[in-house]
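The structure under discussion appears below in the form of structure tokens.
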Amino acid sequence: MASMPAPQPVHRRALVAEYIAESLRTLPAGSSFAVRVVYTADQPVDSLTPRRRLSHFHAENTLSRRVLAFVSQGGCLVAGLDVHEFTTLRIEAQGAQPPRTSTTVDCCIEKLDTSGELAGRMPMARALVAGYLRSLHRYSTALNIPSVGVHLFARAQPEYLFAKSKDNPGKRILGDLELVKWWQSALQFALEYSAKSICTAVANCIVPGSTMRESSWFFGKDCTLGAGSMNNNANGPCTERAQSVDWKWGLPYPLGARAHDCVLQFPDDPITRLLSEPHSSAWSVSGLLDMLSVSEECGSGHRTAYFMASLPLCPGISAQAGDIADSSTASQGHLSFEDYDRILVALFDHEMDFSSTASACLSSNRLKDYLDSNFDIPLISAETTGPAITREPIQAATPYNLPTVNDLSTVIRKKRKIVS
């Protein structure tokens, strides 16, 4: 067959920054934000399933784009989001049948971080994620695909994008289990916001080393599990408009399937590192999960989670999306991957310090000067107009047992004591 055609680039006028700004405007009235989004030109990369086996002719061409979104308030950076988007075109031919082509888009949320400088309590980070996910509807018209895959690996760390922000007294650092719960709740909201209750998104979650019976501890006791599905009770803490998201426990792949044939491998990911081992060739999906549960990154007392969702691209939303951007913001540049990496390095320059308000503002201005002097990426303002957040009275929680972790040290100590 002749050379593989490349996926067509998405129309640049439907800018990610406008979608994020639109989402931020729904926050409680009285706040002002500025959004700046950096994204790269499409670049050819390796397949997300590099060791896939097929019995018929198969060819792939994968393009990658990186997206980095900043939100600032009063000139000071308050949040950042780092995402990798992948567009894959496949051609398959079997026997005398004509070749079939298909296009898929998968985005991997790599980093989400806050600086601790947000004025007032509001779900700003959640709104940032929701705005980004809604921006994925830009692929509907350009590529004529029904859905986009959303992937993330939730692992607690004190800072991801803002240097020394772990020492900022205004930053709330979540532990392992808190982060898993936060991401499930944030994705529930973001997927519903993205679909606008027109379509139903399907979302999967797996906590390596945990069973489906323990899922209520991660998502609340009122989230009950049926046959592989998370059915949200109307009174549960993870419910808003539950019909918009169908939650399922586990990876969205058959447990008996060969892992290399179906599990997507994203950069800097524990699954990718495990599947790079030579002896992983025959692993099933079930075997991969077993290895994850005892791996250095997901086992050894750590609680991490994989979230994967299929976001339907609704025609009604994509039609509205074309009207969001205007010529004043269409000039945002498309950087190279090298430029993108330089920006990430600049965030962790030795002079960058987000440990206090004064140093965070200085560091924010330093990054702004760097972006302004090297790239043409304007700020887009967002004035919040949403209703105030009413908090329900806190009720005493009903205690219940935590998921147990196999620990034989106590048994060993007791046995030694008896012998002595």
Side-chain angles (χ1 to χ4, degrees), residues 9-24 32-45 63-87 107-115 117 124-125 128-129 131-132 135-136 138-139 142 159-163 165 267-268 321 324-354 359-382:
V10 172
H11 199 284
R12 301 296 185 174
R13 288 177 57 84
L15 298 177
V16 179
E18 286 287 1
Y19 287 94
I20 294 175
E22 182 186 36
S23 178
L24 293 175
S32 299
F33 295 101
V35 181
R36 187 189 297 242
V37 173
V38 178
Y39 53 82
T40 68
D42 294 319
Q43 177 171 311
V45 293
L63 296 179
S64 173
R65 176 187 308 162
R66 302 177 70 179
V67 180
L68 182 61
F70 293 113
V71 178
S72 58
Q73 184 181 38
C76 188
L77 289 169
V78 294
L81 178 69
D82 179 23
V83 185
H84 228 130
E85 297 179 359
F86 298 87
T87 302
C107 72
C108 180
I109 298 177
E110 296 190 342
K111 299 181 183 72
L112 174 67
D113 200 9
T114 58
S115 67
E117 290 302 315
M124 183 271 305
L128 169 58
V129 175
Y132 168 73
S135 79
L136 295 173
R138 66 190 186 275
Y139 282 104
E159 57 191 32
Y160 272 107
L161 292 172
F162 301 113
S165 61
D268 193 24
I324 289 182
D326 56 34
S327 58
S328 63
T329 59
S331 61
Q332 288 197 337
H334 312 142
L335 283 65
S336 66
F337 275 29
E338 290 75 17
D339 289 333
Y340 191 95
D341 288 334
R342 291 189 189 100
I343 294 174
L344 291 178
V345 170
L347 275 170
F348 277 89
D349 183 85
H350 69 281
E351 295 183 350
M352 301 295 275
D353 183 353
F354 289 86
S359 60
C361 290
L362 287 174
S363 297
S364 299
N365 287 329
R366 186 174 290 112
L367 180 65
K368 178 180 180 298
D369 292 342
Y370 173 76
L371 294 176
D372 290 343
S373 60
N374 291 278
F375 313 105
D376 180 21
I377 309 172
L379 291 170
I380 297 176
S381 62

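Predicted, not measured: the structure shown is a model, and the values here were computed from it. Numbers here are sequence positions counted from 1.
With sequence neighbours excluded, the residues forming a side chain to side chain donor-acceptor pair (under 3.5 Å) with Asp372 are Arg36, Lys368, listed by chain and number. For Ser336, the side chain to side chain contact (heavy atoms under 4.5 Å, CB included) partners are Glu338, Asp339, not counting sequence neighbours. Under the side chain to side chain donor-acceptor pair (under 3.5 Å) criterion, Ser363 pairs with no residue at all, not counting sequence neighbours. Glu110 pairs by the side chain to side chain donor-acceptor pair (under 3.5 Å) definition with His84, not counting sequence neighbours. Residues forming a salt bridge (charged side-chain N to carboxylate O under 4.0 Å, His left out) with Asp353 (at least two apart in sequence, or on another chain): none.
For Leu379 against Ala34, the heavy-atom pair with the smallest separation is CD2-CB, 4.2 Å. Smallest separation of non-hydrogen atoms from Ser364 and Phe354: OG-CE2, 3.7 Å. Contact detail for Ser115 and Phe162: the closest heavy-atom pair is N-CD1, 3.8 Å. Contact detail for Leu24 and Ala382: the closest heavy-atom pair is CB-CB, 4.2 Å. The shortest non-hydrogen separation linking Val45 to Leu63 is CG2-C, 4.3 Å. Ser381 and Ala21 get closest at one heavy-atom pair: O-CB, 4.2 Å.
Defined by atom type and a distance below 3.5 Å, a donor-acceptor pair is missing between the side-chain atoms of Glu85 and Tyr39.
Between Leu335 and Ile377 there is a side-chain heavy-atom pair separated by less than 4.5 Å. The closest side-chain heavy-atom distance from Glu117 to Leu77 is not below 4.5 Å. Between Val38 and Tyr340 there is a side-chain heavy-atom pair separated by less than 4.5 Å.
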Walk me through it: do Leu128 and Leu112 pass the test side-chain contact (heavy atoms from CB on, under 4.5 Å)? CA-CA 9 Å; Leu128 169 58; Leu112 174 67; 3.9 Å; yes

Kindly list each side-chain donor-acceptor pair under 3.5 angstrom involving residues 343-352, sequence neighbours excluded, with atom names and distances?
residue: Asp349; atom: OD2; partner: Glu351; partner atom: N; Å: 2.9
residue: Glu351; atom: OE1; partner: Arg366; partner atom: NE; Å: 3.4

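For the atom pair OG1 of Thr114 and CG of Leu81, the computed distance is 12.0 Å after rounding to the nearest 0.5 Å. The CZ atom of Arg65 sits 4.5 Å away from the CG atom of Asp42 when rounded to the nearest 0.5 Å.
Here the side chain of Asp82 pairs no donor or acceptor atom with the backbone of Lys111 at under 3.5 angstrom.
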